[in-house]
Colleague: 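Submitted below is the structure of interest, expressed as structure tokens.
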Amino acid sequence: MLSKLGLDQSKLKAHVDEEEESIQELKFQLEFIEAMLDNGDIDAVMDQLDNIKVEDFHPLAPNTYFLKGRCYYTKKEWKKAEQNFSHAIHICHQHFLNPKDNIIALCYKQLSSCSYNQNDLEKALSYLDQGLEEFSEDKGKSDVKYTLLSNKIYYLLLSSQTEQAKQLLNEVWPLIQQIELTRVVLDLYKLRSILLRKSKLYPEAIECCKEGIRKGRRSLFASRTYDLILVLGSIYLQQNDFNKANQYFHMVINLDKRFKFPRRHLDAHTYLGVQHSSQHQWGLASDHLDKAIKIGREINDVYRLARALIIRGICELKQENFQDAVPYFLEAINLTKESLYKHRQVKALFF
């Protein structure tokens with residue numbers, strides 16, 4: 001058979017070695033390109049990826065589509081990102097590719113994040129489940145699993161499936177020392193603090209939060225640390241310790257003067273609205289809630305915007321400004337009626 005193709009054993013081995021060397025060279029390039037992407041060099045990465053020409057059956061083709069998807073994701077072009085992540089999964093199945101780096105699970109993770117950013121929580125959870133099904137311990141990048149699990153806990157919380165979230169976190173928490181990704185560790189500290197707060201286990205929640213903040217300040221993940229600071233403030237707020245709560249909410253606003261993390265400002269202003277409303281400081285409460293609503297509309301965060309609108313409506317109700325309260329509740333209802341944020345809608349209807 002080899003002779004009919006004009007090959008002998010040595011020539012075949014040479015071709016195989018040459019192809020293997022080519023694959024390893026491309027793999028090295030893609031690793032470097034991904035590092036550039038992590039550093040925020042999106043345009044340079046897109047140029048590099050456009051210069052890479054491989055057929056869909058090439059073993060590294062899914063990786064190229066994954067990186068293109070990440071570029072579009074960073075640029076918040078959700079549909080283009082989804083097309084690339086979905087195509088990477090498709091060609092793996094179509095050409096029986098079996099990547100060793102859990103690229104399929106990674107693509108499902110990214111698809112889930114795209115859905116979350118488009119306020120489709122049901123689809124986001126579905127993609128996470130598919131990612132967990134595709135994940136294999138034998139294919140490397142073990143932290144992919146913990147990212148999927150951490151995101152699932154968070155989305156379950158957002159959709160008011162608190163008991164499911166708590167059960168899943170209790171399964172993951174004993175394994176936290178095995179997790180290498182700092183951002184995932186900090187996310188789990190935040191989630192555990194929130195669940196402890198929900199159970200009114202305030203001392204434990206405060207200690208968990210502070211431990212996470214200590215870990216966060218030694219890393220470059222400022223956004224995660226800000227999340228923990230906000231949760232810490234919210235714990236003090238639930239205990240009516242307004243001075244400490246106020247300190248932590250303003251800390252986040254002051255630390256992020258460049259407005260790099262608008263969602264954290266939205267949360268901080270919402271909490272400050274709750275605080276000042278509890279103290280019957282209506283002017284300050286309205287000012288902060290109006291800021292939160294403005295940010296929520298700008299970044300199209302349905303969950304947080306609906307929360308700020310409802311609290312703003314309650315603020316008017318407490319002052320017996322019934323007609324002024326109605327538009328805020330109606331907007332919250334309209335925002336949440338097609339999402340899994342049903343508890344937001346129920347609360348708006350109730351008030």
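Heavy-atom basis, side chains included; hydrogens, waters and symmetry copies ignored.
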Colleague: Kindly write out the residues that satisfy ring pair (Phe, Tyr, Trp, His ring centres under 6.0 Å) with F261, not counting sequence neighbours, or none if the list is empty.
Modeller: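 Applying ring pair (Phe, Tyr, Trp, His ring centres under 6.0 Å) to F261 gives Y226.
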Colleague: For residues 133-169, which residue pairs qualify under ring-ring contact (aromatic ring centres under 6.0 Å, His included), counting only residues two or more places apart or in two chains?
Modeller: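 The answer is Y116-Y155.
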Colleague: Would you say D287 and H269 are linked by a side-chain donor-acceptor pair, where the criterion is simply a distance under 3.5 Å?
Modeller: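 H269 vs D287: no donor-acceptor pair found between side chains.
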Colleague: Using modelled atom types and a 3.5 Å cut-off, is there a donor and acceptor pairing between side-chain atoms of N300 and backbone atoms of G296?
Modeller: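 No; judged by distance alone, with no hydrogens or angles, the pair does not exist.
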Colleague: Mind telling me whether Y189 and W173 have parallel, tilted or perpendicular rings, with 30° and 60° as the class edges?
Modeller: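 W173 and Y189: perpendicular rings.
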Colleague: Do R307 and T270 get their side chains close enough for a donor-acceptor pair, meaning under 3.5 Å?
Modeller: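 There is no such pair between these side chains.
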Colleague: Between E204 and R192, does any side-chain N to carboxylate O distance fall below 4.0 Å?
Modeller: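 Salt bridge: no.
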Colleague: Which word best sums up how the rings of F249 and Y271 line up, parallel for under 30°, tilted for 30 to 60°, or perpendicular for over 60°?
Modeller: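 Geometry flag for Y271 against F249: parallel rings.
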Colleague: Got a donor-acceptor contact below 3.5 angstrom from the D143 side chain to the E180 backbone?
Modeller: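 Side chain of D143 to backbone of E180: a pair is present.
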Colleague: Out of E82, E34, E77, which residue meets the salt bridge (Lys or Arg N to Asp or Glu O under 4.0 Å) rule with R70?
Modeller: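 It is E34; the other options fail the test.
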Colleague: Taking atom CZ of R224 and atom CD1 of I213, what is their separation to the nearest 0.5 Å?
Modeller: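 Going from CZ on R224 over to CD1 on I213, the span is 15.0 Å.
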Colleague: Answer with yes or no whether the side chains of E134 and Y108 bring together a donor and an acceptor at under 3.5 Å.
Modeller: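 No donor-acceptor contact under 3.5 Å links the two side chains.
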